[in-house]
J.: 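I'd like to ask you about the structure that follows.
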2 protein chains.
Amino acid sequence: MNKDHNLAVLCKALGHPARVAILRHLLQVDRCICGDIVNILPLAQSTVSQHLKQLKEAGLIRGEIEGPCICYCADKNRLAELKNLITAL
Amino acid sequence: MNKDHNLAVLCKALGHPARVAILRHLLQVDRCICGDIVNILPLAQSTVSQHLKQLKEAGLIRGEIEGPCICYCADKNRLAELKNLITAL
DNA sequence: CACGCTTATCGTTAATTTACGATCATACTG
DNA sequence: CAGTATGATCGTAAATTAACGATAAGCGTG
């Protein structure tokens, strides 16, 4: 509802280099990925999982269960929303 | 240097509603302001000062001494940089 | 059903953030 | 020079975040 808060939530989610890297990677690969991210980043699996959770809570990514692993992908609409909010500042 | 880090720094600075509000206000008023921000926000002067410091450290605003008070204004170039970094994601 | 793989969650610790009041520094005003 | 206004900084407490290892939960495979 509140614009400031909405933008702050989105920005906060991207306020950590690891989460920026995760989002960028998901956008590049387009098709989602699961444990690959753990391999890319120099972080423990549980830490990556927490970052994913934060990105998910901000709506920037989505995760779908696909067999044994969970497939993540970026939500481009939400990213566009961020873009718009910043542009509209 | 590092893109992810640069974007994270900018986003982190806007990762709090108060700082979004400050930046928005500075952009609206164009000409800078000092203690006005304290009046607008429901926060103590020292807290506002800290938020201003964080925005300044991220390069999103600048402060110039003007007589007794300090005059803040948004750095539109830096804001454009943020816009570009997000667009380039 | 037992095992292995994948990912989430729990518990914990260290570090950072947020917020405040109090104090300090600086610059005008009388 | 004394007083006032403005805003930064200090010290502190509470809350949140970041990171890890350990554990749990869900799904296939044999």
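Since this is a predicted model, take the numbers as computed values, not measurements. Residue numbering restarts at 1 for every chain, and letters A, B, ... go by the order of the sequence lines.
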J.: Just grab all the salt bridge (Lys or Arg N to Asp or Glu O under 4.0 Å) pairs involving residues 59-73 of chain B, residues at least two apart or on different chains.
T.: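 Every pair satisfying salt bridge (Lys or Arg N to Asp or Glu O under 4.0 Å) with a residue in residues 59-73 of chain B: B:Arg31-B:Glu66, B:Arg62-B:Asp75.
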J.: Using the ring pair (Phe, Tyr, Trp, His ring centres under 6.0 Å) rule, collect all pairs that involve residues 18-42 of chain A, keeping only residues at least two apart or in two chains.
T.: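 Output for this query is empty, none listed.
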J.: Give the B/S/- string for nucleotides 13-20 of chain C, one per nucleotide from 5' to 3', where a protein heavy atom under 4.0 Å of the base yields B, of only the sugar-phosphate yields S, and otherwise -.
T.: ----SSBB
J.: Measure NZ/A:Lys53 against C1'/D:dA19 and give the value in whole Å, please.
T.: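 Rounding to the nearest Å, NZ of A:Lys53 and C1' of D:dA19 are 15 Å apart.
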J.: Give me the atom names and distance for the closest heavy-atom approach of B:Ala74 to B:Leu27.
T.: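 Looks like CB-CD2, 3.6 Å.
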J.: Identify the residue among B:Asn2, B:Asn84, B:Ile86 that makes a side chain to side chain contact (heavy atoms under 4.5 Å, CB included) with B:Leu7.
T.: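 By the side chain to side chain contact (heavy atoms under 4.5 Å, CB included) criterion, B:Leu7 pairs with just one of B:Asn2, B:Asn84, B:Ile86: B:Ile86.
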J.: Round to a whole Å and report the spacing from CD1 of B:Ile70 to P of D:dA5.
T.: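 Result: 18 Å.
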J.: Please report the distance, rounded to the nearest Å, between CD in A:Glu64 and P in C:dA8.
T.: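 Going from CD in A:Glu64 over to P in C:dA8 covers 13 Å.
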J.: Considering only distance and modelled atom types, tabulate donor-acceptor pairs under 3.5 Å from the side chains of residues 16-23 of chain A, sequence neighbours left out.
T.:
| residue | atom | partner | partner atom | Å |
| --- | --- | --- | --- | --- |
| A:His16 | ND1 | A:Ala18 | N | 3.0 |
| A:Arg19 | NE | A:Ala13 | O | 2.6 |
| A:Arg19 | NH1 | A:His51 | ND1 | 2.9 |
| A:Arg19 | NH1 | A:Gln54 | OE1 | 3.2 |
| A:Arg19 | NH2 | A:Lys12 | O | 3.4 |

J.: When you compare the protein's N or O atoms with those of nucleotides 27-30 of chain C, which come within less than 3.5 Å of each other, and at what distance?
T.:
none

J.: Are more than 12 heavy atoms from other residues, nucleotides or ligands located less than 6.0 Å from atom CD1 of A:Ile65?
T.: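 Counting neighbours around CD1 of A:Ile65, 12 or fewer heavy atoms of other residues, nucleotides or ligands fall under 6.0 Å, so no.
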J.: Can you check whether B:Lys83 reaches A:Leu89 side chain to side chain, under 4.5 Å on heavy atoms?
T.: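 Not touching, per the 4.5 Å side-chain cut-off.
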J.: A:Leu52 CG to C:dT9 C1': how many Å, rounded?
T.: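 The answer, rounded to whole Å, is 14 Å.
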J.: Please list all pairs passing the salt bridge (Lys or Arg N to Asp or Glu O under 4.0 Å) test where one or both residues lie in residues 41-54 of chain B, with sequence neighbours left out.
T.: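 Applying salt bridge (Lys or Arg N to Asp or Glu O under 4.0 Å) to every pair that reaches into residues 41-54 of chain B, excluding sequence neighbours, yields nothing.
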